[in-house]
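Read through the structure below, which is laid out as structure tokens, and then see the notes.
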Amino acid sequence: MVTRSNLLCILVLMVIVGLESVSASVYNENMESLVKARRSLLNNGLGNTPPMGWNSWNYFYCDVTEKVIRESADALVTTGLDKLGYKYVNIDDCWAEQTRDKKGYLVANRTTFPSGIRALADYVHSKGLKLGIYSDAGEYTCSHRMPGSLGNEEKDAKTFAEWHIDYLKYDNCYNTGLKPMERYPIMTRALMKAGRPIFFSLCEWGDMHPALWGSRVGNSWRTTDDITRNWDSMVSRADQNEVYAEYARPGGWNDPDMLEIGNGGMTYDENVVHFSIWAISKAPLLIGCDVRNMTKETFEIISNKEVIAVNQDRLGIQAKKVRMEGSAEVWAGPLSGYRVAIVLVNRSILPANITAHWDDIGLPPNTEVIARDLWKHRTLKKRLVGSLTEVVYPHACRMYVLKPVF
Ligand SMILES: *[C@@H]1O[C@H](CO)[C@@H](O)[C@H](O)[C@H]1NC(C)=O
Ligand SMILES: *[C@@H]1O[C@H](CO)[C@@H](O)[C@H](O)[C@H]1NC(C)=O
Ligand SMILES: *[C@@H]1O[C@H](CO)[C@@H](O)[C@H](O)[C@H]1NC(C)=O
Ligand SMILES: CC(=O)N[C@H]1CO[C@H](CO)[C@@H](O)[C@@H]1O
């Protein structure tokens, strides 16, 4: 099966404009207005690039404590991951007591969060990081161990703002049958009134195609069910998320779920594919392992600055799968500066040569490019015209940024 994308025309247009040698400053102005025009409708100013950070769920599940959160914040700083952009420290499910207080407000678990969430926020902020929290657009959260926010949206939004929370992941369990399009916007309005900008992450699992309505409701929306620690789960999340590529934009991102890198279940090469596809898909980069105890390999993958730069490119256009031949795939998406990012993925069990053709990836066929290999940290000596072919090992990928030479 062969599919081609013609959705990279923005880039072609920019290249054509570029060939008419528009000055750099005019280009920059165009760039800013393009980004502004594409900004999502949720007007909280957040998420101009995909959020980066860490979340407790994929490794700790319900065994989350204020000690784990503090130590994970410390680890983001001592490893230098914070300087690479990993700023959000997000508490997932199981942080609260089972019952609200007499006035109906949420209370942190007195055993596991004895200092309270506000003290934790102060600590995390003192490290130059941001604190995220979790609730649910239903009667209970998914663990069924704490209350959901349905019917208490204003109280909870006010509580989160008073606690100096910066990010809310909002799950979809025990939802009483009301449509997500009815339940999620109630929290959006509550957050907008709460007096503090809070990144709003819709964890609706992709049930009702949140990409189609999410940009006025949240800063990101899950397009898939939960990821698990294996190749099949990872690539299927990538595929489901890719369908909605054209809906991603500054302020509102498709979310194929958090990273499993460092949690076992995948080889080194598979984890590189995981990080490469998440990066080029402009997915939130939320680390899901124990950052206090990472292997060298895990750290090397999640700290690749060149791959992170693709994810954080200010143009904010999600890559698409522009060609599939059997189990060989070419993913491509435009970047600022007329550049194109590509990932060549081999999903089979044998090595293969995979070719990215310029007319698939949105470059005029005669364009000469300089190719940078983002995992080998090497610029190819030879300039390329028309296509790039590389051998790709099984369950592995190659990732490049192509920069046209004018
Ligand atoms: C609060 O934390 C304690 C200690 O981990 C745990 O036993 C208890 O179940 C937690 N409460 C809730 C409601 O999860
Ligand atoms: C750290 O990670 C290794 C595996 O990479 C594991 O064997 C060890 O138990 C972990 N240590 C702690 C304290 O979690
Ligand atoms: C890839 O192409 C090169 C050059 O044509 C060839 O030598 C090599 O055997 C090919 N590798 C695979 C796995 O097909
Ligand atoms: C040579 C081989 O079998 N490797 C696979 C990697 O992906 C390509 C593209 O489908 C397949 O042709 C190869 O089968």
Side-chain angles (χ1 to χ4, degrees), residues 40 42 44 46-47 50-62 64 68-69 72-73 86-96 106 108-109 113 117 120-121 124 129-150 152-153 156-157 159-161 163-175 180 183-188 190-192 194 196-207 210-211 214 217-227 237 241 251-260 278 283-288:
S40 79
L42 179 61
N44 65 1
L46 299 175
M52 293 175 66
W54 170 88
N55 172 294
S56 55
W57 186 256
N58 283 0
Y59 183 82
F60 294 97
Y61 302 108
C62 268
V64 62
V68 161
I69 300 298
S72 300
Y86 294 98
K87 296 284 189 200
Y88 286 108
V89 179
N90 292 349
I91 313 168
D92 208 283
D93 201 351
C94 304
W95 61 267
L106 289 167
N109 184 314
F113 290 84
I117 305 295
L120 196 53
V124 166
L129 301 167
K130 295 173 182 298
L131 187 67
I133 207 159
Y134 166 98
S135 190
D136 187 287
E139 289 186 274
Y140 307 96
T141 64
C142 296
S143 67
H144 205 288
R145 282 167 55 164
M146 55 175 278
S149 290
L150 190 64
N152 284 288
E153 290 86 353
D156 293 352
T159 301
F160 298 148
W163 287 347
H164 288 190
I165 291 291
D166 304 295
Y167 184 116
L168 174 64
K169 172 178 171 181
Y170 206 45
D171 221 330
N172 198 23
C173 287
Y174 301 103
N175 60 46
R183 288 175 288 114
Y184 279 79
I186 308 173
M187 183 53 96
T188 308
L191 289 171
M192 294 303 272
R196 183 178 176 86
I198 296 179
F199 185 104
F200 192 26
S201 156
L202 317 181
C203 182
E204 186 263 3
W205 321 320
D207 274 6
V217 181
N219 296 108
S220 67
W221 43 85
R222 279 275 297 280
T223 52
T224 73
D225 239 328
D226 283 10
I227 192 170
R237 299 306 174 272
N241 189 65
W253 307 102
N254 289 311
D255 178 2
D257 206 1
M258 303 174 292
L259 300 168
E260 288 283 19
W278 260 240
L285 296 181
L286 296 170
I287 302 166

How close do [X] and [Y] get, heavy atom to heavy atom, and via which atoms?
X	Y	answer
Cys62	Ser143	SG-CB, 3.8 Å
Met258	Ile227	O-CG2, 3.5 Å
Pro180	Pro185	O-CD, 3.6 Å
Leu286	Met52	CD2-C, 4.1 Å
Ala283	Pro256	CB-CD, 3.4 Å
Cys173	Thr141	CB-C, 4.2 Å

Check for a donor-acceptor pair, side chain of [X] on one end and backbone N or O of [Y] on the other, with a separation under 3.5 Å.
X	Y	value
Asp225	Trp205	no
Asp257	Arg222	no
Ser201	Lys169	no
Trp253	Gly47	yes

TODO: Assign the ring pair Trp163 / Phe160 to parallel, tilted or perpendicular, where the plane angle (0 to 90°) is split at 30° and 60°.
DONE: tilted
Compare all side-chain heavy atoms of [X] with those of [Y] and state whether any distance is below 4.5 angstrom.
X	Y	value
Leu120	Ile91	yes
Ile69	Val64	yes
Met192	Leu42	yes

Distance, nearest 0.5 Å, that separates [atom1] of [X] from [atom2] of [Y]:
X	Y	atom1	atom2	answer
Met187	Leu202	CE	CG	11.0 Å
Thr188	Tyr170	OG1	OH	9.0 Å
Glu139	Asn152	CD	CG	11.0 Å
Trp57	Asp226	CH2	CG	8.0 Å
Asn219	Asn44	CG	CG	4.0 Å
Lys130	His164	NZ	NE2	12.0 Å

Task: Test: Asp166 and Arg196 ion pair at under 4.0 Å - done: yes
- [ ] Could you check Trp221 against Asn254 for side chain to side chain contact (heavy atoms under 4.5 Å, CB included), going step by step and ending with a plain yes or no?
- [x] CA-CA 5 Å; Trp221 43 85; Asn254 289 311; 2.6 Å; yes
Task: side chain to side chain contact (heavy atoms under 4.5 Å, CB included) between Phe199 and Ser220, worked out - done: CA-CA 8 Å; Phe199 185 104; Ser220 67; 3.5 Å; yes
- [ ] Determine, step by step, whether Trp54 and Asn90 satisfy the side chain to side chain donor-acceptor pair (under 3.5 Å) criterion, reporting the C-alpha distance in whole Å, the side-chain angles of both residues, the deciding distance to 0.1 Å, and the verdict.
- [x] CA-CA 6 Å; Trp54 170 88; Asn90 292 349; over 6 Å; no
Open item on the list: For the residue pair Asn55 / Asp92, report whether a side-chain donor-acceptor contact shorter than 3.5 Å exists.
Closed with: yes
Open item on the list: Testing the 3.5 Å rule here: is there a donor-acceptor pair between the side chains of Asp171 and Tyr134?
Closed with: yes
Task: Asp93/Met146 under side chain to side chain contact (heavy atoms under 4.5 Å, CB included): CA gap, chis, key distance, verdict - done: CA-CA 8 Å; Asp93 201 351; Met146 55 175 278; 3.6 Å; yes
TODO: Please assess Asn172 against Tyr184 for the test side chain to side chain contact (heavy atoms under 4.5 Å, CB included), listing each intermediate value before the final yes or no.
DONE: CA-CA 9 Å; Asn172 198 23; Tyr184 279 79; 3.4 Å; yes
